[in-house]
Amino acid sequence: MFRLIAILLVSLSVFAQQLTVGTASAAPGQKSNGYIEVPAAADPATRIPVVIVRGARPGPTLAIVSGAHGTEYASIIAVEKLIQKLDPAAISGTVILVPLVNIASFTQKVPHVNPVDGKSMNRYYPGNPNGSQTERASYLITKEVVEKSDHLIDLHGGDLDESLRPYSYWAPVGNARQDAVSKDMVLAFGLDTIIISGDRPKDPNASRYLETTASLRGKASITAEAGHAGTVEPDDVAALVNGSMNVMRYLQMLPGSATPVENPVWIERIDSVTGTGEGIFYPLVKRGMYVQQGMKIGYVTDWFGKTIQEATAPSSGVVLYINAVPSMKKGDTIANIGVVAAKAP
Ligand SMILES: [Zn+2]
């Protein structure tokens, strides 16, 4: 009898050591590939690739997700590189990697949205098991990835039409301890421009963004972006790969210490300039430039070359991104200007 109980306890602890995410499943020291299967409903099924890298030693579970916007290529390639690079033998804890949430966007080269239902795949969290494909996928990512992790990094990059300079987001939730950890994570990530997001949702059941979904569930998390306009530049990919690994060092999941960025530029607010009508856009500034309020940053003409909109900087700050293509219609973003915070938080 005693022996039977002992065997039961041992098998229970072995069971507890197995981590399953979608169809991927790994014991300590193992790496496993699989899919989060999103079943069909009113629209088709999809399957989101997932990789579990489980260190032989215990430690936290970190999720690294990219490709909610399937044409933000630098961020997707960065997670593909991490999948190759991360060795269970070198890691303490577990990394759950999701390189491409929005496969239809990637294969069909459709920016911003999932072409299956026309929805952004970073706006419908925590999702709905009975909704359209984006909502069902978001629901399963919440259950399978967010709830099984202690921390999350959501990676993005400028989309096909965005000429973007690298930056990260720090979104405090009002819990001093958690906010201190997420701040350390964003400093460890190392990008020199950090947006303080104070306007995120507060309701975990209407969290909208992936990182907010994790943050509102008590998991210190960050978002980072690098890449622009369909390119896969080594500098952008390296910034995201090294940033993720530095966060792992900070969390003591990899040996060595992270070197946090010193005196980054903190952005307290983003001011957007949008198109007022249909036409051809011509930029006058580049991503990363600092502009003065009122400065001309671009213009839109009709099909005959007559200027129909002069775009000026609504405030002084840094061009976080500017429209990268001539296409323009009413409501499209011309540029996002980051207003520099008077002092560091
Ligand atoms: Zn994105």
Side-chain angles (χ1 to χ4, degrees), residues 46 48-49 63-80 82 97-125 127 133-135 137-138 141-142 145-146 152-171 186 189 191 193-195 197 199-201 207-215 221-233 236-237 239-241 243-244 267 270 272 274 287-288 319-325 331-336 338:
T46 185
I48 299 166
I64 304 177
V65 181
S66 65
H69 304 127
T71 44
E72 296 183 352
Y73 296 118
S75 59
I76 296 158
I77 300 307
V79 178
E80 290 293 333
L82 285 166
L97 299 126
V98 180
L100 181 54
V101 169
N102 191 347
I103 294 178
S105 156
F106 180 89
T107 56
Q108 297 174 39
K109 295 175 278 248
V110 174
H112 306 297
V113 298
N114 176 357
V116 173
D117 59 13
K119 291 174 177 162
S120 167
M121 292 195 84
N122 195 29
R123 294 293 184 279
Y124 289 87
Y125 284 96
Q133 192 187 81
T134 293
E135 296 170 90
S138 301
I141 290 170
T142 301
V145 179
V146 174
L152 181 142
I153 304 174
D154 189 18
L155 295 180
H156 290 257
D159 217 322
L160 286 180
D161 57 352
E162 294 170 356
S163 182
L164 179 145
R165 66 99 66 229
Y167 52 82
S168 48
Y169 291 89
W170 177 55
V186 86
F189 198 94
L191 298 181
T193 301
I194 304 171
I195 297 163
S197 282
D199 55 353
R200 297 284 183 86
S207 48
R208 206 167 146 80
Y209 307 99
L210 175 60
E211 180 250 288
T212 309
T213 305
S215 295
S221 298
I222 59 167
T223 300
E225 305 215 23
H228 54 99
T231 56
V232 184
E233 289 191 5
D236 290 324
V237 175
L240 298 178
V241 169
S244 299
I267 302 296
I270 299 171
S272 283
T274 53
R287 64 199 169 94
V319 179
L320 294 173
Y321 72 83
I322 184 155
N323 178 36
V325 294
D332 279 359
T333 303
I334 286 178
N336 268 3

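Counting starts at 1 for both ligands and their atoms, following the listed order.
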Original post:
Are side-chain N/O atoms of Ser105 and His69 paired as donor and acceptor at under 3.5 Å?
Top reply: no
**OP:** Taking the Zn ion (ligand 1) as the reference point, name the nearest N/O/S atom of His156.
**Re:** ND1
**OP:** Would you name the N/O/S atom of His69 that lies closest to the Zn ion (ligand 1)?
**Re:** ND1
Subject >> Check: Gln133/Thr46 side-chain N/O donor and acceptor closer than 3.5 Å >> reply: no
Original post:
What closest approach, in Å, do Ile222 and Tyr169 show between heavy atoms, and which atom pair accounts for it?
Top reply: CB-O, 3.9 Å
**OP:** Check whether any N, O or S atom of Glu225, backbone or side chain, sits closer than 2.8 Å to the Zn ion (ligand 1).
**Re:** no
**OP:** Ignoring hydrogens and angles, state whether a donor on the side chain of Ser66 or Ser75 is under 3.5 Å from an acceptor on the partner side chain.
**Re:** no
